Amino acid sequence: MMGRYWYMYNDGRWTVNWWGMGLEILFWVLLVLLLIWLFNNMARKRDASSGTNTPLDILKTRLAKGEITKEEFEEMKELLK
């Protein structure tokens with residue numbers, strides 16, 4: 001994909017093909033961003049699927065959210081043991 005960006009005119013002056021170079025740089029930047037996004041997306045899905053909560057973890061979460069009282073938490077915790 002690498003192109004020839006520097007050209008010499010017949011009178012010896014050098015010029016550069018800015019559009020071609022800019023598009024190639026844009027292509028590589030977008031490719032790297034896509035790969036980073038895919039990696040993060042796969043890692044997030046892997047973490048979500050492997051994060052099985054134990055019943056005690058669920059109880060702690062419910063207590064923290066205020067869905068159950070401290071007494072209910074202690075009762076349910078004893079039932080789980």
Side-chain angles (χ1 to χ4, degrees):
M1 179 154 199
M2 297 291 286
R4 198 172 142 207
Y5 300 117
W6 288 94
Y7 296 98
M8 181 184 281
Y9 287 120
N10 288 338
D11 61 357
R13 289 182 297 136
W14 286 90
T15 187
V16 66
N17 179 359
W18 292 107
W19 285 105
M21 189 168 31
L23 287 175
E24 186 168 342
I25 290 170
L26 180 64
F27 168 79
W28 288 110
V29 167
L30 290 176
L31 182 66
V32 167
L33 290 175
L34 176 68
L35 291 174
I36 290 170
W37 179 80
L38 285 173
F39 178 76
N40 285 338
N41 196 21
M42 287 179 1
R44 205 175 307 124
K45 284 182 181 178
R46 185 181 61 237
D47 290 344
S49 66
S50 67
T52 56
N53 292 333
T54 64
L56 187 58
D57 290 337
I58 295 170
L59 274 180
K60 288 177 183 178
T61 303
R62 290 185 64 196
L63 179 65
K65 288 181 179 180
E67 294 176 0
I68 58 174
T69 63
K70 176 88 170 147
E71 293 79 25
E72 291 172 325
F73 172 79
E74 294 298 331
E75 285 177 26
M76 292 180 193
K77 183 174 152 185
E78 288 301 319
L79 286 173
L80 291 174
K81 288 185 178 182

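Since the model is a prediction, treat every value here as computed from it, not as a measurement. All residue numbers refer to positions in the sequence shown, counting from 1.
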*Give the other cluster members for Trp37, using side-chain heavy-atom distances under 4.5 Å between Ile, Leu, Val, Met, Phe, Trp and Tyr residues; answer none if it is isolated.*
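Members other than Trp37 - counting any ILVMFWY side chain reachable under 4.5 Å - are Leu34, Leu38.
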*With ILVMFWY side chains joined below 4.5 Å, transitively, what does Ile36's cluster contain besides itself?*
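Ile36 clusters with Val32.
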*Do you know which two heavy atoms are closest between Lys77 and Leu59, and how far apart they sit?*
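Taking Lys77 first and Leu59 second, the nearest heavy atoms are N-CD1, 3.9 Å.
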*Identify, with sequence neighbours excluded, every residue that meets salt bridge (Lys or Arg N to Asp or Glu O under 4.0 Å) alongside Glu72.*
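Partners of Glu72 by the salt bridge (Lys or Arg N to Asp or Glu O under 4.0 Å) criterion come out as none, since no residue qualifies.
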*Shared ILVMFWY cluster between Phe39 and Leu30, side chains joined below 4.5 angstrom?*
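No, Phe39 and Leu30 fall in different hydrophobic clusters.
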*Examine Phe73 and Ile58 and state if one hydrophobic cluster contains both, with Ile, Leu, Val, Met, Phe, Trp and Tyr joined whenever side-chain heavy atoms are less than 4.5 Å apart.*
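No, separate clusters.
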Show the atom names and distances, to 0.1 Å, of all donor-acceptor pairs under 3.5 Å that link a side chain in residues 60-67 to residues at least two apart or in another chain.
{"unit_1": "Thr61", "atom_1": "OG1", "unit_2": "Asp57", "atom_2": "O", "d": "2.9"}
{"unit_1": "Arg62", "atom_1": "NE", "unit_2": "Glu67", "atom_2": "OE1", "d": "3.2"}

*Go through the structure and list residues passing side chain to side chain donor-acceptor pair (under 3.5 Å) with Glu75, not counting sequence neighbours.*
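Counting only residues at least two positions away or on another chain, Glu75 forms no side chain to side chain donor-acceptor pair (under 3.5 Å).
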